[in-house]
2 protein chains.
Amino acid sequence: MAKKTLTTLQTIAERLGLSVSTVSRVLNDKSDQYRISARTQHAVQDMARQLDFRPNQLARSLRLRKTQTLGLVIPDISNPFFAQIARHVEIEARSRHYSIILCDTQESTDLEIESIRLLRSREVEGLIVVPVGQKSDHLKTLQAESFPVVIVDRLLSDLDLPYVASDNYQGAYDAVCYLIDHGHTRIACLQGLPGTSPNQQRVRGYRDALGAHGIVPDSDLIRGDSYGSQTGYEQTLQLLLRNSPVTALFALSNLIGLGAIRALAELKRRIGKDISLLCFDDQPYLAYMDPPITTVDQQNTEMGRLAVRLLFEQLAGQTKENKGLLLPTQFIERKSVNNLCLERRDKCDSTH
Amino acid sequence: MAKKTLTTLQTIAERLGLSVSTVSRVLNDKSDQYRISARTQHAVQDMARQLDFRPNQLARSLRLRKTQTLGLVIPDISNPFFAQIARHVEIEARSRHYSIILCDTQESTDLEIESIRLLRSREVEGLIVVPVGQKSDHLKTLQAESFPVVIVDRLLSDLDLPYVASDNYQGAYDAVCYLIDHGHTRIACLQGLPGTSPNQQRVRGYRDALGAHGIVPDSDLIRGDSYGSQTGYEQTLQLLLRNSPVTALFALSNLIGLGAIRALAELKRRIGKDISLLCFDDQPYLAYMDPPITTVDQQNTEMGRLAVRLLFEQLAGQTKENKGLLLPTQFIERKSVNNLCLERRDKCDSTH
DNA sequence: TTGTAAGCGTTATCAT
DNA sequence: ATGATAACGCTTACAA
């Protein structure tokens, strides 16, 4: 049988014939401030160690009105992209002696609302939210109450909260320019969830890059409606089975890219030869495919870290105008994009 | 400026000229039990809604000695395998109105110890731990104090705590039998972290399967020392560059498999043709590779779910003898293993 | 049908 | 150099 009796300040105080205040002070390194005798100090320290005393953070938080806890709200923690963000949120928070309560909203706005309520009920000092991205009233409430919060990845247009996200527009723009520079003009855009900001920005980058090179975007080439792999698979299949003359696919998420890869394999199209592929979102396995896939990498480590920093700026009471951080993406050139200019150098050098 | 004044039971009580107890009772659905008038009930409910009252869980937990919180301790939340477990731990816990405090121990035993201490300081009611897997004294302490805990994935031999893990032995055994049935006898085993139980069990399964077929395990073919992709890459390279006559690789984690795939691509060995590959641990991308990789899938969704259930059994005071759950793995046959038995008649291209 | 008061474990404000 | 006491917000005997 284990000891059922919790060790508290009381316990120590009684055993030593001291008051709880004294014990509390010693254990909070206030001995000097209160000029507590060396003997008492040691006695308390020893007893605390001996009883393996752990201060009750609940009581502490209640009294101090400070929980040293942040809420992390994520649509799907099993998605590696979010998992990486979560990891660095946790690490950065821990380095500041804060803990993370995790809520997986399963891409449901209702769960997101419930989660935020729950977290506030638990008196988290701030929230880091990757919103599902469709409704925003509950987030507006946070804004109105100026509750500390940072939005990550999925921005909402009618919101004015601090955020961290990738520069999705520029990342897509550059990627498409790269494709065009390699002689591609018929580029399909396999998109994610249309209502969400990353998708919108990426599609806009895609369109603008085409436009800047005098190519009229063909809306039939913008296809798909979710970030999952199924979409990538189906859309690629449809596109190629009807003999659409596309030479390149631009997949707006790594899962979509995965679906495309599967479809291409089934159709026996060799990536980087018969057809080109470029994915938004890098993941370790993409470097190990045959051929390695060219991607637009997002700095998710940095996103997690910065989200916490932005949150702490708010906690520190920095009233500075609402900061939004757009992190540059990194273009990673590998072997999945064919250079059509080298193959048929009759038409290509004019475009730049 | 937002209202700084927290809404509490007090607030409601004062506004209504009632006592906090009455308000508390109404809000906790004890109206009937205490025969509180319908008028009071509605008044309280309305006011609570109007003020958007959220009960302070800190105070509640302190009073009730019940936090409705579990601690989740994971070596690396960005590892998809663990992320999936985490997801289903969260979902299952939430369905029981419990929250999760997440700690990423970064594969460090020190951080694991610190995390557990922290979580207990926060009065979590139970712990779900995927241990780093090397030291176990701190876990023994939990056992000694019979603190509710469930160990996941990485078991420790000198521990007698409830656990959930895959049947790594059987999974590996079956996989190697499959390879042997397909005519392979020189099978390399690319192992993970030697000290950890999943690795030990898998290696044992590998050895026993060979033995059962009269093949003497060549210890030179058991190589590697970590679950990461770097190991898989290096060991595969070494093995093949010295012209070891292996016909198949058995990678003991998906990351190791990834490294092997990269090495094979560099060496221009065609998987499923020139050499065979089989991975422990399925991940979505493995189905989409060319060729799709044959794997041993683990039920990580189920692991997360069951871990929570086992924990709740303990919370409910079920003293039944310490339950350990070994989940069967699932063999997923794809295209990465060559059938040497069929090929033997017309071999023309096997230059190694 | 409702109110009073004690207490959960801690820290801060007075005292002494 | 140390102790008593109140308070954080809540629940629950015990009263009324």
Side-chain angles (χ1 to χ4, degrees), chain A residues 4-45 47-48 51-69 118 120-125, chain B residues 4-45 47-48 51-69 118 120-125:
Chain A
K4 287 269 104 174
T5 30
L6 198 46
T7 304
T8 74
L9 290 182
Q10 271 276 26
T11 328
I12 300 178
E14 280 171 4
R15 297 235 194 171
L16 258 37
L18 290 168
S19 72
V20 283
S21 348
T22 305
V23 177
S24 169
R25 294 195 260 249
V26 173
L27 263 19
N28 284 299
D29 294 317
K30 305 232 167 103
S31 303
D32 290 358
Q33 186 184 331
Y34 284 89
R35 337 185 83 242
I36 288 171
S37 73
R39 214 160 44 86
T40 304
Q41 282 186 48
H42 290 129
V44 171
Q45 308 268 19
M47 188 56 76
L51 298 178
D52 190 30
F53 170 74
R54 283 181 304 268
N56 185 323
Q57 296 297 343
L58 247 41
R60 201 154 195 278
S61 297
L62 184 60
R63 176 65 233 242
L64 258 26
R65 327 189 104 264
K66 202 163 175 313
T67 52
Q68 310 229 119
T69 307
L118 174 82
R120 294 198 65 184
S121 210
R122 287 174 177 276
E123 308 291 319
V124 297
E125 292 179 39
Chain B
K4 287 271 102 171
T5 29
L6 197 46
T7 303
T8 74
L9 290 182
Q10 271 275 28
T11 328
I12 300 179
E14 280 171 4
R15 296 236 195 171
L16 258 37
L18 291 167
S19 72
V20 284
S21 5
T22 305
V23 177
S24 168
R25 293 196 260 250
V26 173
L27 262 19
N28 285 301
D29 293 319
K30 305 231 166 104
S31 303
D32 290 359
Q33 185 184 330
Y34 284 89
R35 336 185 83 246
I36 288 172
S37 74
R39 214 159 44 85
T40 305
Q41 282 185 49
H42 290 129
V44 171
Q45 307 269 19
M47 189 56 76
L51 298 178
D52 190 29
F53 171 73
R54 284 181 304 267
N56 184 323
Q57 296 297 343
L58 247 39
R60 203 156 193 279
S61 298
L62 184 59
R63 174 65 232 243
L64 260 23
R65 327 190 102 265
K66 201 162 176 312
T67 52
Q68 309 227 120
T69 308
L118 175 82
R120 294 197 64 184
S121 210
R122 287 175 177 276
E123 308 291 319
V124 297
E125 292 179 38

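Lettering of chains follows the sequences in order, A, B, ..., and the numbering in each one begins at 1.
B/T40 comes within 4.0 angstrom of the backbone, heavy atoms only, and of no base. Across all strands, A/L18 comes closer than 4.0 Å only to sugar-phosphate atoms, never to a base (heavy-atom distances). Using a 4.0 Å heavy-atom criterion, one finds that A/L9 contacts the bases of the nucleic acid, with or without backbone contacts as well.
Put simply, the side chain of B/R25 and the base of C/dG3 share a donor and an acceptor less than 3.5 Å apart. Applying the 3.5 Å distance criterion, the base of C/dT4 shares a donor-acceptor pair with the side chain of B/S21.
Between A/S37 and the phosphate of D/dA1, there is no side-chain N or O to OP1/OP2 separation shorter than 4.0 Å. The shortest distance between the side-chain N/O atoms of B/K30 and the OP1/OP2 oxygens of D/dT11 is not below 4.0 Å. Between B/S19 and C/dG3 there is a side-chain N or O to OP1 or OP2 distance below 4.0 Å. In this structure, B/R35 reaches the C/dT1 phosphate: one of its side-chain N or O atoms is under 4.0 Å from OP1 or OP2. Taking 4.0 angstrom as the limit, A/S24 places a side-chain polar atom (N or O) nearer than this to OP1 or OP2 of C/dT11. Look at A/K66 and you won't find any side-chain N or O under 4.0 angstrom from OP1 or OP2 of C/dT11. Contact check, A/N28 against C/dT11: a side-chain N or O comes under 4.0 Å of OP1 or OP2. Contact annotation: A/T8 side-chain N/O to C/dC8 OP1/OP2 distance is not under 4.0 Å. Here B/R63 does not reach the OP1 or OP2 of D/dG9: none of its side-chain N or O atoms lies under 4.0 Å away.
One interatomic measurement links the two molecules: CD of A/Q33 to P of D/dT2, which rounds to 14 Å at whole-angstrom precision. One atom, CZ of A/R60, and another, P of D/dG9, lie 17 Å apart when rounded to the nearest Å. Atom-to-atom, CG of B/L27 to C1' of D/dT12 comes out at 16 Å; the value is rounded to the nearest Å. Here the P atom of nucleotide D/dG3 and the CG atom of A/L16 are 10 Å apart, to the nearest Å. When the P atom of C/dT10 is taken as reference, atom CD of A/Q68 falls 15 Å away, rounded to whole Å.
When each of A/L64 and B/Q41 is assigned the nucleotide of DNA chain C with its nearest heavy atom, B/Q41 is the one assigned upstream, toward the 5' end.
A salt bridge links B/D52 with B/R54: the closest approach of a Lys/Arg side-chain nitrogen to an acidic carboxylate oxygen falls below 4.0 angstrom.
A donor-acceptor contact closer than 3.5 angstrom is absent between the side chains of B/S21 and B/S24. Inspection of the B/N56 and A/R120 side chains reveals no N or O donor paired with an N or O acceptor under 3.5 Å. For the residue pair B/T69/A/R122, the side-chain donor-acceptor check at 3.5 Å is satisfied.
Side-chain contact check for B/F53 versus B/L9: some heavy-atom pair is nearer than 4.5 Å.
For B/S31 (side chain) and B/Q41 (main-chain N/O), no donor-acceptor pair under 3.5 Å exists by modelled atom type.
For A/A59, the side-chain atoms get nearest to C/dG9 when compared with the rest of D/dC10, D/dT2, C/dG9.
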